There are 2 protein chains.
Amino acid sequence: MTRTDPEALAFAQHDHGACAADALDYARGVCEQQGLRLTPVRERVLQLLLESHNALGAYDLLEKLKADGLGSQPPVAYRALEFLVAHGFAHKIERLNAFVACSRTHSGHSPAFMICRQCHQVAEAHATLASGKLGQAAKSIGFKIEKTVIEAEGLCPACQGSGA
Amino acid sequence: MTRTDPEALAFAQHDHGACAADALDYARGVCEQQGLRLTPVRERVLQLLLESHNALGAYDLLEKLKADGLGSQPPVAYRALEFLVAHGFAHKIERLNAFVACSRTHSGHSPAFMICRQCHQVAEAHATLASGKLGQAAKSIGFKIEKTVIEAEGLCPACQGSGA
DNA sequence: TAATGTTATGTTATAATATTACATCTCCAG
DNA sequence: CTGGAGATGTAATATTATAACATAACATTA
């Protein structure tokens with residue numbers, strides 16, 4: 001149940017099948033430890049997210065759930081996503097109204113994302129809770145940060161080469 | 001056409017009518033200089049955004065435009081917003097799917113926002129293009145950042161007091 | 001095991017956000 | 001005054017998300 005935790009895995013070469021399988025095992029372990037129920041719908045949604053380095057929309061997921069004989073109505077997907085996000089197994093990419101599996105091994109982080117506008121892959125990095133200047137500004141005016149959304153849009157290394 | 005540019009104006013006491021009027025004058029000046037057409041719809045949308053320290057959704061704006069005898073269909077609002085965002089007079093808050101007037105005086109900045117989950121006011125701060133760690137991570141893997149979304153959600157000073 | 005409470009799922013309906021497509025109008029350059 | 005570009009008006013529709021309620025699965029304990 002240990003996992004490596006490199007920066008920006010999505011944009012690097014790796015054995016993706018193994019990476020997804022490991023992550024799923026890891027999630028199962030965490031759920032067992034914490035008494036969380038990784039039900040079939042939830043597990044399948046996580047698996048689908050893990051299989052993709054692209055962010056997936058709720059309706060993309062829903063189609064695949066339907067194909068599996070699981071629920072076919074929006075709340076099914078949204079509820080599974082809510083669970084996964086609440087417990088840190090997935091994140092919502094606000095810019096895209098879509099979701100990615102979390103690629104971290106420790107909880108309590110504040111994630112940051114790099115979104116390639118060309119190939120639509122999304123890589124997760126770590127940010128300090130209140131990244132530099134924003135943290136300062138918040139502190140100086142007395143704003144209490146509870147959650148941060150930090151997303152960078154641009155071109156990944158591969159897409160910069162291929163005539164973007 | 002000069003404007004002050006304090007941090008997080010929204011959460012501070014100020015003469016809001018004057019602040020909005022100044023900002024509108026400023027925008028008019030910029031448009032004239034740059035040959036941009038601040039048409040009635042666009043100007044009215046900017047004015048509406050400036051009058052509110054809350055983010056406004058496209059349909060909120062649309063209702064008000066309708067009341068003014070301007071267009072009443074979604075594209076009217078979205079087009080005005082597109083113009084305002086493209087030219088830096090407004091920003092979209094991705095977390096809220098809503099829009100705020102820009103409170104800056106110089107272009108080319110990368111804005112950051114503090115969103116109060118209680119009173120829903122939104123304050124704009126400045127961030128360095130690639131705030132700290134994210135910039136580092138991007139650089140190290142060769143991701144080219146074109147745009148950043150940096151939004152912090154939490155409690156503003158006033159709402160921390162009032163039994164949040 | 002039956003009764004009960006809680007959590008998760010299924011399903012219908014609808015709300016909220018956003019875009020496409022096309023017709024019309026306005027303004028300015030020529 | 002006319003042609004073209006940009007802006008607006010409008011209808012239709014796509015996409016994203018939630019509310020509300022019925023049913024099913026699971027856990028506890030009487």
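Note on naming: letters A, B, ... go to the chains in the order of the sequence lines (proteins, then strands), and numbering restarts at 1 for each one. This one's a predicted model, so the numbers in the text were calculated from it and none came from an experiment. All heavy atoms count here, side chains included; hydrogens, waters and symmetry mates do not.
What separates CD of Gln73(B) from C1' of dA21(C) is a distance of 14 Å, to the nearest Å. Rounding to whole angstrom units, CG of residue Leu70(A) and C1' of dA25(D) are separated by 15 Å. Between the CD atom of Glu63(A) and the P atom of dT15(D) there is a distance of 10 Å, given to the nearest Å. Here dA7(D) presents its P atom at 5 Å from CZ of Arg37(B), a figure rounded to the nearest Å. Note: CG (Asn97(A)) to P (dA14(D)) measures 18 Å, nearest angstrom. The separation between Leu56(A) atom CG and dA17(D) atom C1' is 17 Å, rounded to whole Å. Between Leu38(A) atom CG and dA8(C) atom P there is a gap of 11 Å when expressed in whole angstrom units. The nearest whole Å value for the distance from the OH atom in Tyr59(A) to the C1' atom in dA15(C) is 11 Å.
Counting heavy atoms from C-beta outward, Leu49(B) and Leu81(B) have side chains that approach closer than 4.5 Å.
One finds a side-chain N or O of Lys92(B) lying less than 4.0 angstrom from the OP1 or OP2 phosphate oxygen of dA18(C). Taking side-chain N and O atoms only, Thr39(A) has a distance below 4.0 Å to OP1 or OP2 of dT9(C). Applying the 4.0 Å criterion to OP1 and OP2 of dG10(C), one finds that Ser72(A) has every side-chain N and O outside that range.
Heavy-atom neighbours of Lys144(B) NZ from other residues, nucleotides or ligands within 6.0 Å: at or below the threshold of 12. Atom NZ of Lys64(A) has 12 or fewer heavy atoms from other residues, nucleotides or ligands within 6.0 Å.
Heavy-atom distances under 4.0 Å link DNA chain C to Pro75(A), Val76(A), Arg79(A) of residues 74-82 of chain A, given in residue order.
For His120(B), the side-chain hydrogen bond (donor to acceptor under 3.5 Å, both in side chains) criterion is met by no residue, not counting sequence neighbours. By the side-chain hydrogen bond (donor to acceptor under 3.5 Å, both in side chains) test, Glu43(B) is found to be paired with Arg28(B), residues two or more places apart in sequence or in another chain being considered.
Taking CG from Leu61(B) and CZ from Phe99(B), the interatomic distance works out to 8.5 Å, rounded to the nearest 0.5 Å.
When all heavy atoms of Tyr78(B) and Ala58(B) are compared, the pair lying nearest together is CZ-CB, 3.4 Å.
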